[in-house]
Q: 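Right, I'll just put the structure down here and ask away after.
Letters A, B, ... are given to chains in the order of the sequence lines, protein chains preceding strands, and every chain is numbered from 1.
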Amino acid sequence: MPGSADLGRLLAVPAEEAALVLLGCTLSHRAPDGTVTVRLTEVEAYAGEADPASHAWRGRTPRNAVMFGPAAFLYVYLSYGMHFCGNVVVGTEGSAAAVLLRAGDVVEGEDLARARRGPAVRAHALGRGPANLMQALGVDRSHDGAALLAEGPLVLEHHGSVDPARVRTGPRVGVSRAADVPWRFWLDGEPSVSAYRRSPRA
DNA sequence: ACGCCGATTCTC
DNA sequence: AGAATCGGCGTC
């Protein structure tokens, strides 16, 4: 099992390559009330300033500043004024590339995840959808810029490459610009993978 | 200063 | 199909 230095190197590549590295990785959040760990099953690549669908497309702002930093830090943003979504910053410093974490399977702390998501939520749905995934983990704006491979509450771990035959790709969800690029990646057959919805526009 | 559009999700 | 609701960006 590679150490954190190795994973940091694996993530210092273009977003669509880093996305494949992140599939199957686990992300843990150690909070005062307990630890939740998810295994990533669905991600989306965003290429940075060159990508019309990226938050970094129009350059650096206070919100997206973390994207312009080094790889293996978490970029958290507020979506629609009410949901937090998380990205792993990838590529080289200054590239603003990131991978949106869209879904994951809760492999540790299911009770705590359900306490955060709601008592009626089925196990496979605890981490389904980018905002639901962050809610299950207990991640919010306070974690924007948090290191993922250093001492701290958030830990990202690689467990070897996933079987390439299990990886599926398709258009990114909710994205109207650059909708032709198949930069959504997911593991086939995982119940936690969110149902595909095409962009409301186009 | 004003308005519209989101990398969403849940409910009607 | 609609609502909840905040930040960024274009426009007046």
Q: My understanding is that a hydrophobic cluster links ILVMFWY residues whose side chain heavy atoms are under 4.5 Å apart, including indirect links. Using that, what else belongs to the cluster containing Val13(A)?
A: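 None; Val13(A) is a cluster of one.
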Q: For Val121(A), does its backbone N or O pair with a side-chain atom of Arg114(A) as donor and acceptor, under 3.5 Å?
A: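 Yes; at least one donor-acceptor contact below 3.5 Å.
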Q: Under 4.0 Å, heavy atoms only, any strand: does Met134(A) hit a base, just the sugar-phosphate, or nothing?
A: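 No contact.
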Q: Considering just the side-chain nitrogens and oxygens of Ser176(A), establish if one lies under 4.0 Å of OP1 or OP2 belonging to dG6(B).
A: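 Ser176(A) to dG6(B) OP1/OP2: side-chain N or O found under 4.0 Å.
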Q: Give Arg184(A) one of three labels, base, sugar-phosphate or nothing, depending on what nucleic acid heavy atoms sit under 4.0 Å from its own.
A: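 If one applies the 4.0 Å heavy-atom cut-off, Arg184(A) turns out to touch nothing in the nucleic acid.
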Q: Using distance alone, with no hydrogens and no angle criterion, decide if Ser194(A) and Glu42(A) have a side-chain donor and acceptor under 3.5 Å apart.
A: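 Side chains of Ser194(A) and Glu42(A): pair found under 3.5 Å.
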Q: Base, sugar-phosphate, or nothing for Ala131(A), non-hydrogen atoms under 4.0 angstrom?
A: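 Sugar-phosphate, no base atom in range.
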Q: Does CZ belonging to Arg30(A) count more than 12 external heavy atoms closer than 6.0 Å?
A: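 Open: at most 12 neighbouring heavy atoms sit under 6.0 Å from CZ of Arg30(A).
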Q: What's the gap between dC12(C) and dC5(B) when it is taken at their P atoms, as a whole Å value?
A: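 Their P atoms lie roughly 15 Å apart.
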Q: Is the shortest side-chain N/O distance from Asn132(A) to OP1 or OP2 of dC10(B) below 4.0 Å?
A: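 Yes.
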Q: Taking atom P in both dG2(C) and dC4(B), compute the distance separating them and give it to the nearest angstrom.
A: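 Those two atoms are separated by 16 Å.
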Q: Go ahead and name the base partner of dA4(C); Watson-Crick or wobble counts if both distances stay under 3.5 Å, otherwise write none.
A: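 Answer to the pairing question: dT8(B), which forms a Watson-Crick or G-U pair with dA4(C).
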Q: Grab the CH2-C1' distance between Trp57(A) and dG7(C) for me, whole Å please.
A: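 In whole Å, dG7(C) C1' lies 17 Å from Trp57(A) CH2.
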Q: Does Arg117(A) put a side-chain nitrogen or oxygen below 4.0 Å from OP1 or OP2 of dC10(B)?
A: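 Answer yes for this pair, as a side-chain N or O of Arg117(A) is under 4.0 Å from OP1 or OP2.
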Q: Regarding Leu100(A), tell me which of base, sugar-phosphate or nothing describes its non-hydrogen contacts under 4.0 Å with the strands shown.
A: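 Base, at least one base atom sits under 4.0 Å.
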Q: When you check the phosphate oxygens OP1 and OP2 of dT8(B), does a side-chain N or O of Arg102(A) lie under 4.0 Å from one of them?
A: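 For dT8(B), OP1/OP2 do have a side-chain N/O of Arg102(A) under 4.0 Å.
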Q: Let's go through Asp144(A) and Arg141(A) carefully: what are the C-alpha distance in whole Å and the side-chain angles of both, what is the deciding distance for salt bridge (Lys or Arg N to Asp or Glu O under 4.0 Å) to 0.1 Å, and is it a yes or a no?
A: CA-CA 5 Å; Asp144(A) 186 38; Arg141(A) 171 176 251 115; over 6 Å; no
Q: Between dC6(C), dA7(B), dT9(B), spot the one nearest the side chain of Tyr46(A), thanks.
A: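 Of all the options, the side chain of Tyr46(A) is nearest to dA7(B).
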Q: Write down the distance between OH (Tyr80(A)) and P (dA7(B)), rounded to a whole number of angstrom.
A: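 Going from OH in Tyr80(A) over to P in dA7(B) covers 6 Å.
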Q: Would you kindly compare Pro62(A) and His83(A) by the position of their nearest DNA chain C nucleotide and give the one closer to the 5′ end?
A: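 That would be His83(A).
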Q: Check the distance between dT8(B)'s P and Asn87(A)'s CG and give it to me in whole angstrom.
A: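 Computing the Asn87(A):CG to dT8(B):P distance gives 11 Å.
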Q: Please check the phosphate of dG10(C) (OP1 and OP2 only) for any side-chain N or O of Arg58(A) closer than 4.0 Å.
A: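 Checking dG10(C) against Arg58(A), a side-chain N or O does come within under 4.0 Å of OP1 or OP2.
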Q: What is the distance, to the nearest angstrom, from the CZ atom on Arg60(A) to the C1' atom on dG8(C)?
A: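 It works out to 16 Å between those atoms.
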